[in-house]
Undergrad: 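The structure that follows is given in the form of structure tokens.
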Number of protein chains: 2
Amino acid sequence: MKRETNLNPTMKDVAQESGLSLATVSKVINGLPVGKASRQKVEAAIKKLGYQVNNYARALKSNKTYSVALVLPSLKHPFFAYLTDELTKSLMSRGYRAILMITNYDPDAEQKSFAMVRSNKMDGVIALTYSPDLEVGDSISIVTIDRHLDEDIPCVSSDNFRGGELAAKKLIDLGCRKLLFMRITSRIQGEPNKRCAGFESVCQSRNIDYETLLLMDDEPEEPIFQFLENHIHDGEFEYDGIFCNSDILAGQVIRFLSERNISIPDQVQLIGYDGIIDRLTDSYVCSTIEQPIAQMAETAVNILLNPDENNAGANICLPVRYVSGGTTKE
Amino acid sequence: MKRETNLNPTMKDVAQESGLSLATVSKVINGLPVGKASRQKVEAAIKKLGYQVNNYARALKSNKTYSVALVLPSLKHPFFAYLTDELTKSLMSRGYRAILMITNYDPDAEQKSFAMVRSNKMDGVIALTYSPDLEVGDSISIVTIDRHLDEDIPCVSSDNFRGGELAAKKLIDLGCRKLLFMRITSRIQGEPNKRCAGFESVCQSRNIDYETLLLMDDEPEEPIFQFLENHIHDGEFEYDGIFCNSDILAGQVIRFLSERNISIPDQVQLIGYDGIIDRLTDSYVCSTIEQPIAQMAETAVNILLNPDENNAGANICLPVRYVSGGTTKE
DNA sequence: ATATTTATGTTAAACGTTTTACATTGGCAA
DNA sequence: TTGCCAATGTAAAACGTTTAACATAAATAT
């Protein structure tokens with residue numbers, strides 16, 4: 001019994017249906033010059049059969065897969081989620097597919113991701129990894145975000161040093177005189193660590209009292225709240241300005257202080273980092289240093305797909321800005 | 001000049017290096033029976049050349065791509081982000097790749113996603129779509145989450161009706177006598193709409209005063225806050241129990257009421273929906289009805305990849321539970 | 001009228017696998 | 001020695017494309 005409709009018609013079927021050769025069909029599909037009459041015949045056949053290009057065959061032949069791997073530790077942190085969202089849209093708008101790889105901060109998984117990329121002949125990787133020593137190998141093009149993997153691998157990040165500076169300046173300008181910088185950070189040397197340096201340099205040059213509270217991301221978080229608790233005396237918090245490493249952390253601090261009736265921004269002003277926006281109200285969750293996430297994504301994709309501009313070891317540093325979100329006096 | 005190291009060695013290279021045939025190499029790679037001596041020779045050659053299977057060639061031949069598309073509107077809502085995180089991990093653990101497609105709630109993009117799936121001969125789709133009338137066509141296997149696309153497409157969701165019931169019961173048991181249900185919902189008939197029915201059925205059978213505040217997700221959100229404002233009189237909110245459609249919405253409401261000095265949970269108790277966890281403190285952002293997101297992901301992947309169990313039009317409904325998160329009295 | 005160019009199509013080889021059908025070898029029974 | 005079987009390996013076709021090299025016919029120039 002002959003099947004009435006072929007579920008997966010191939011170019012050969014289209015050729016037969018239209019009475020033309022395989023090559024002609026291919027030309028029509030790829031927009032190469034073909035006689036008008038033939039083109040119409042082919043198009044009709046394609047429509048009739050519901051033909052769809054088989055990208056695997058195409059990739060095999062042309063050695064171009066139009067797919068890019070996104071290697072990230074998790075999607076449970078909004079910064080990663082936002083970034084992935086933007087990266088994916090950016091790739092899709094250029095006709096590329098995004099292969100998502102979640103590594104869970106696991107060096108093994110990160111390493112395996114790169115093997116996968118190679119074995120799937122993907123066109124490239126955009127990676128945000130945490131292993132200190134990742135075997136990258138050449139033959140795949142990589143762009144990292146916020147991490148320096150290797151001398152000649154371009155890295156896209158926001159201007160973290162400047163971000164730290166901005167936060168410190170703003171707090172000081174708004175009248176704060178005793179500052180606290182809270183950060184949860186990883187042991188790997190990544191771009192975000194520069195926020196601290198920026199913050200401290202301003203405090204020092206302006207001669208402002210400050211403290212840096214550092215916690216590694218593989219340690220339990222209680223110490224941070226313990227610290228806060230210890231510095232509340234008679235309903236007053238010892239510091240009048242706080243800069244947090246992320247909006248998420250800021251949110252926690254806000255909550256903690258509110259519960260203890262420390263008023264923000266009256267008693268303490270607070271600036272976060274990232275620029276996370278509440279989807280519902282389209283407003284920032286706190287005053288913050290906003291990273292240009294969409295622009296970072298766009299740039300990363302751009303560099304990955306157009307390596308012509310000689311940005312081999314380029315370190316693209318995109319501008320951040322301060323935005324008010326209710327946790328500062330302005 | 002002969003290249004010293006071949007960047008992309010193929011099975012042919014391995015065959016040559018080991019002095020054996022292509023077929024033998026293939027057998028070794030696929031774990032088929034092969035003489036011990038030959039196997040070792042091949043393995044040595046593979047290691048020496050750094051050979052990696054070309055999955056595109058393999059997919060072309062075997063018609064199995066080991067890739068699944070994840071079609072979602074956005075990653076900017078934590079529920080979607082969490083779900084994507086779990087889905088991806090679930091797929092990866094089974095050796096599948098996750099192709100992420102962000103549709104931005106755009107029907108066109110949703111439709112195109114399905115075309116892409118077909119053209120890339122992907123093994124399936126897990127979709128969370130918003131178009132009322134999506135042309136699915138057969139020949140691709142689909143599992144939806146929270147949406148009913150078609151009679152014979154399995155749908156995985158949490159028990160939304162029960163979730164609504166649970167929330168109402170809890171609030172009433174904790175002493176609330178005037179309830180408010182706030183929802184932002186889409187026009188498409190999706191599973192989450194059942195929360196309302198569950199909530200109302202309990203209120204009615206227990207004879208409790210309640211109001212339902214409904215807003216479409218394509219309308220501006222101000223009316224909701226306007227409503228809240230209108231129902232605050234002399235520092236008292238008219239309702240003593242609120243059930244929100246999502247934790248995100250709940251967060252907004254909490255903030256709004258706090259700013260107006262309405263105390264939660266003393267004056268008003270509040271239950272959200274989803275079970276979003278703050279990454280930092282590993283605690284719920286509010287009292288909530290928790291969806292078993294990881295289990296939903298696991299189930300969806302399972303059904304998609306093992307269609308043997310006759311779950312053609314299956315409607316898998318996973319249990320939800322109430323968890324306390326500080327915005328209720330218990 | 002013939003030669004030359006141009007426009008359009010076609011054939012067939014490749015891409016890197018998998019897999020069926022076939023070939024070789026050696027061991028063993030008769 | 002001959003014949004047979006199992007064990008192991010090989011050759012070659014196939015998957016659905018792309019593309020270089022070639023063929024044909026029509027159109028123009030000589």
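In the text below, chain A, chain B and the rest are named by the order of the sequence lines, each starting its count at 1.
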Undergrad: What is the distance, to the nearest angstrom, from the CD1 atom on Ile29(A) to the P atom on dT17(D)?
TA: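 Checked: the CD1 to P distance equals 7 Å.
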Undergrad: Between Lys64(A) (NZ) and dC15(C) (C1'), how many Å, whole number?
TA: 16 Å
Undergrad: For Leu32(A) and dT17(D), give me the distance from atom CG to atom P, rounded to whole Å.
TA: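 It works out to 15 Å between those atoms.
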Undergrad: Does Lys61(B) or Ala37(B) map to a spot on DNA chain D nearer the 5' end, using the closest nucleotide for each?
TA: Ala37(B)
Undergrad: For a quick check under 3.5 Å, do Thr65(A) and Ser67(A) share a side-chain donor-acceptor pair by atom type?
TA: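 A donor-acceptor contact under 3.5 Å links the two side chains.
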Undergrad: Of all of residues 17-27 of chain A, which get a heavy atom below 4.0 angstrom from DNA chain C, listed by number?
TA: Leu20(A), Ser21(A), Ala23(A), Thr24(A), Lys27(A)
Undergrad: Could you check whether the rings of Phe80(B) and Tyr130(B) sit parallel, tilted or perpendicular, using 30° and 60° as the cut-offs?
TA: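 Taking Tyr130(B) first and then Phe80(B), their aromatic rings stand perpendicular (interplane angle over 60°).
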Undergrad: Just grab all the salt bridge (charged side-chain N to carboxylate O under 4.0 Å, His left out) pairs involving residues 44-73 of chain A, residues at least two apart or on different chains.
TA: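 For residues 44-73 of chain A, and leaving out neighbouring residues, the salt bridge (charged side-chain N to carboxylate O under 4.0 Å, His left out) pairs sorted by first residue read Glu17(A)-Lys48(A), Lys64(A)-Asp123(A).
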Undergrad: Find the distance between OG (Ser113(B)) and CZ (Arg118(B)) and round it off to the nearest 0.5 Å.
TA: 11.5 Å
Undergrad: Quick one: Met11(B) CE to dA11(D) P, roughly how many Å, whole number?
TA: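 In whole Å, dA11(D) P lies 13 Å from Met11(B) CE.
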Undergrad: Below 4.0 angstrom from OP1 or OP2 of dT18(D), is there any side-chain N or O of Arg58(A)?
TA: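 Answer is yes, contact under 4.0 Å.
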Undergrad: Atom CG of Asn120(A) and atom C1' of dT17(C): how far apart are they, to the nearest Å?
TA: 14 Å
Undergrad: Between Tyr96(B) and Leu304(B), is there a side-chain heavy-atom distance shorter than 4.5 Å?
TA: no
Undergrad: Nearest-Å distance, CG (Asn55(B)) to P (dC15(C))?
TA: 19 Å
Undergrad: Report the distance from atom NZ of Lys12(B) to atom P of dA12(D), rounded to the nearest whole Å.
TA: 13 Å
Undergrad: In whole angstroms, how far is the P atom of dT17(D) from the CG atom of Asn63(B)?
TA: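 Between P of dT17(D) and CG of Asn63(B): 11 Å.
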Undergrad: Would you tell me if any nitrogen or oxygen in the side chain of Tyr51(A) comes within less than 4.0 Å of OP1 or OP2 on dT17(D)?
TA: yes
Undergrad: Could you tell me if Thr129(A) and Glu110(A) have a donor-acceptor pair between their side chains, going purely by distance under 3.5 Å?
TA: no
Undergrad: In terms of side-chain heavy atoms of Leu60(B), which of dT17(C), dC15(D), dC15(C) is nearest?
TA: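 The listed nucleotide nearest to Leu60(B)'s side chain is dC15(D).
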Undergrad: Would you classify Asn30(A) as touching base, sugar-phosphate or nothing, given that sugar-phosphate means primed atoms plus P, OP1 and OP2, and contacts are heavy atoms under 4.0 Å?
TA: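 Sugar-phosphate contact only - Asn30(A) comes under 4.0 Å of backbone atoms but never of a base.
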Undergrad: Within this structure, what is the SG-CD1 distance for the pair Cys155(B) and Ile303(B), rounded to the nearest 0.5 Å?
TA: 9.0 Å
Undergrad: With nearest nucleotide decided by heavy atoms, which residue, Lys36(B) or Ser62(B), maps closer to the 5′ end of DNA chain D?
TA: Lys36(B)
